[in-house]
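Every number for a ligand or one of its atoms is a count from 1 in the order of the listing.
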Amino acid sequence: MSERTPEERELIERIWWLIQFRWVALAGVLGTIWLARQGLGVYFPTGPVYGVAAGLGVINLFFTWDAARVLKGNSGEDLRVRFARVFANVQIALDLVVLTLLLHFAGGITNPFRAFYIFHVIVASILLSRKAAYLQTALAIVLFEEMALAEYFGWIPHVPLEGYADPDAYRQFSHLAGDSFVLISTLTIAVCIATSLTAKLREKRARIVRLMLQIEEKARELQEANEKLLVLDKLKTEFMLRVTHELRSPLAAIQSNLGVVINGYLGSLEPQQKELLARADLRAKGLLHLINELLSLSRMRSGNYIRRREILCLEKIIEEVIHLLRPQAEAKSLTLDVMMPDVPLPVEADRESMIEVFTNLVSNAIKYTPSGGKITVDAAREGQHIRVRVADTGIGIGPEDLPHVFEEFYRTQHARETDREGTGLGLPIVKQLVEMHGGSVSVESQEQKGSCFQVILPAVEAGVRSEKSALAISG
Ligand code: ADP
């Protein structure tokens, strides 16, 4: 089945509109006759006019039936469109004939409703092709002129509008010429303007339709590309998972062997040998850290990260992390303040993940705060959530870097200079883990003044807690 163009769709819709509108016009004719006779005291024989109106009613009934038969039936799409085109032409032509008959039976050229030809011209310009609109305009002019001239020359009788117009006006050449000129010029100008406006509108609509089709096509292409990328990304994640996994064991073995040698279990070492091996050990540690972080990220991405969730007291987890990291802070002469509320902070979470999140945040604060600085960790319950803040007085993050720090491998220039071993994977891991627990993480920072990382996690409801806590409350 061929697709309908917007014009064809509109044409078919307008066919119904024309038919409906004809009933309104018919009511208008009857109302006008009544008003002219009763209200304005204009006299003319109404029989023929009612006859024409009745004829119009019958024709419109036929139009309704015919249009329903073809447009709503199951005839082919091409047939429907062709029918709609012919049908619109026939309807407008018939309307012109009916209008001319109504004018003829009620005053001829002296009837002011002769101006109504303009509506037919405009409707034709909107619905039909330019050529058909001009032909319909020509038909309107021919019909009007035929009637006027036939009455003028006395070939057909003139029905005067007594009480409205000069009964002899139709015989005055000046009247005939003047009215004809005004009508012809009005209709010609109207058809020119209306068809050119319609042509522009149609062109614009066609352009919009073309653009929409292009957009749809592009959207489809994007969707396909996206699906391919997702497959590739999955493959890449799986590959990364395998490689990092394969690398981890030998690297761990290298590191532990290095430890054995450095610690002198295999005999004492020359200072130079010791220094070289210590450097190798440091690099191996860094590499192992990177591999562990890559492994965590890959597991999270591949959805292969299901750990056990339980009800935890977050303040205890945080205290545990602080306990482990305090020696590092002290080694750098940093003040590490912890402010926990008196009430418990219950969350339903995976213990290892929570430790990973806060270890990352606190160790970053230690890494990026120069000696003598201060780190403050505080937590509180806020309605349905638990908020934890890790603030430091360290190197801070510039406004241009701030939106990127949660991206994988992103490190600021300043951070690279401060700590060469960083991976740029800690914060992406924090973000993923927090989001996997239904929470969010954000950062506020000012260069050279410090940073404040804030984690929000859903708190466990009292009811849920009491029900589950019997099973497992740890931390
Ligand atoms: P890493 O610390 O290994 O570089 P992260 O993903 O943990 O990787 O952090 C990404 C970057 O965010 C860091 O390189 C640093 O530029 C910035 N950053 C994170 N925490 C802080 C902090 N407390 N103070 C200043 N910069 C920070």
Q. Side chain, backbone, both or neither: which part of Phe453 comes within less than 4.0 Å of ligand 1 when only heavy atoms are counted?
A. side chain
**Q.** Shortest protein contact, atom 11 (C) of ligand 1 (heavy atom only)
**A.** Tyr410 O, 3.5 Å
Q: Tell me, please: is Gly394 in heavy-atom contact with ligand 1, that is, under 4.0 Å?
A: no
Q. Can you find an N/O atom of Ile395 closer than 3.5 Å to an N/O atom of ligand 1?
A. no
Q: Please confirm whether Phe406 comes under 4.0 Å of ligand 1, counting heavy atoms of the residue only.
A: no
Q) To which of Thr393, Val430, Leu427 does the heavy atom nearest atom 5 (P) of ligand 1 belong? A) Leu427
(Q) Please determine whether any non-hydrogen atom of Ser445 lies less than 4.0 Å from an atom of ligand 1. (A) no
(Q) Please list the nearest protein heavy atom to atom 15 (C) of ligand 1 with its residue and the distance rounded to 0.1 Å. (A) Ala415 CB, 3.5 Å
Q. What is the closest protein heavy atom to atom 16 (O) of ligand 1, and at what distance does it sit?
A. Thr412 OG1, 2.9 Å
Q. Is the closest side-chain heavy-atom distance between Gln91 and His120 below 4.5 Å?
A. no
Q. Tell me, which protein residue and heavy-atom name are nearest atom 23 (N) of ligand 1, and how many Å apart are they?
A. Asp392 OD2, 2.9 Å
Q. Testing Ile59, Leu99, Asn89 for side-chain contact (heavy atoms from CB on, under 4.5 Å) with Leu94, which one passes?
A. Ile59
Q) Is any side-chain heavy atom of Val338 closer than 4.5 Å to a side-chain heavy atom of Met340? A) yes
Q) To which protein heavy atom is atom 7 (O) of ligand 1 closest, and what is the distance rounded to 0.1 Å? A) Asn364 ND2, 2.8 Å
Q.
Please verify the inter-ring angle class for Phe62 with Trp65; under 30° counts as parallel, over 60° as perpendicular, anything in between as tilted.
A. tilted
Q | Approximate separation, where rounding is to 0.5 Å, of Cys313 SG and Glu319 CD | A | 10.0 Å
Q: Could you list which atoms of ligand 1 come closer than 4.0 Å to a heavy atom of Leu425?
A: 6 (O), 8 (O)
Q: Distance to 0.1 Å, residue and atom name: give those for the protein heavy atom nearest to atom 4 (O) of ligand 1.
A: Arg411 NE, 2.5 Å
Q | Minimum side-chain heavy-atom gap Glu417-Ile395 below 4.5 Å | A | no
Q. Any luck finding a side-chain donor-acceptor pair between Glu382 and His385 under 3.5 Å?
A. no
Q: Check whether any N or O atom of Gly426, backbone or side chain, sits under 3.5 Å from an N or O atom of ligand 1, and answer yes or no.
A: yes
(Q) Over 60° means perpendicular and under 30° means parallel, so tell me whether Phe116 and Phe113 are parallel, tilted or perpendicular. (A) perpendicular
Q. Mind checking whether Tyr134 and Cys192 have side chains closer than 4.5 Å, heavy atoms only?
A. yes
Q.
Just to be sure I read this right, does ligand 1 sit under 4.0 Å from the backbone of Lys367, its side chain, both, or neither, counting only heavy atoms?
A. side chain
Q. With atoms numbered from 1 as shown, which atoms in ligand 1 lie under 4.0 angstrom from a non-hydrogen atom of Pro428?
A. 6 (O)
Q | Shortest protein heavy-atom distance from atom 24 (N) of ligand 1, along with the residue and atom involved | A | Ser451 OG, 3.3 Å
Q. Do Glu270 and Lys274 have side-chain heavy atoms sitting under 4.5 Å apart?
A. no
Q) Nearest protein heavy-atom contact for atom 13 (C) of ligand 1: which residue, which atom, what distance? A) Tyr368 OH, 3.7 Å
(Q) Could you check whether any side-chain heavy atom of Val390 comes within less than 4.5 Å of a side-chain heavy atom of Ser451, counting everything from C-beta outward? (A) no
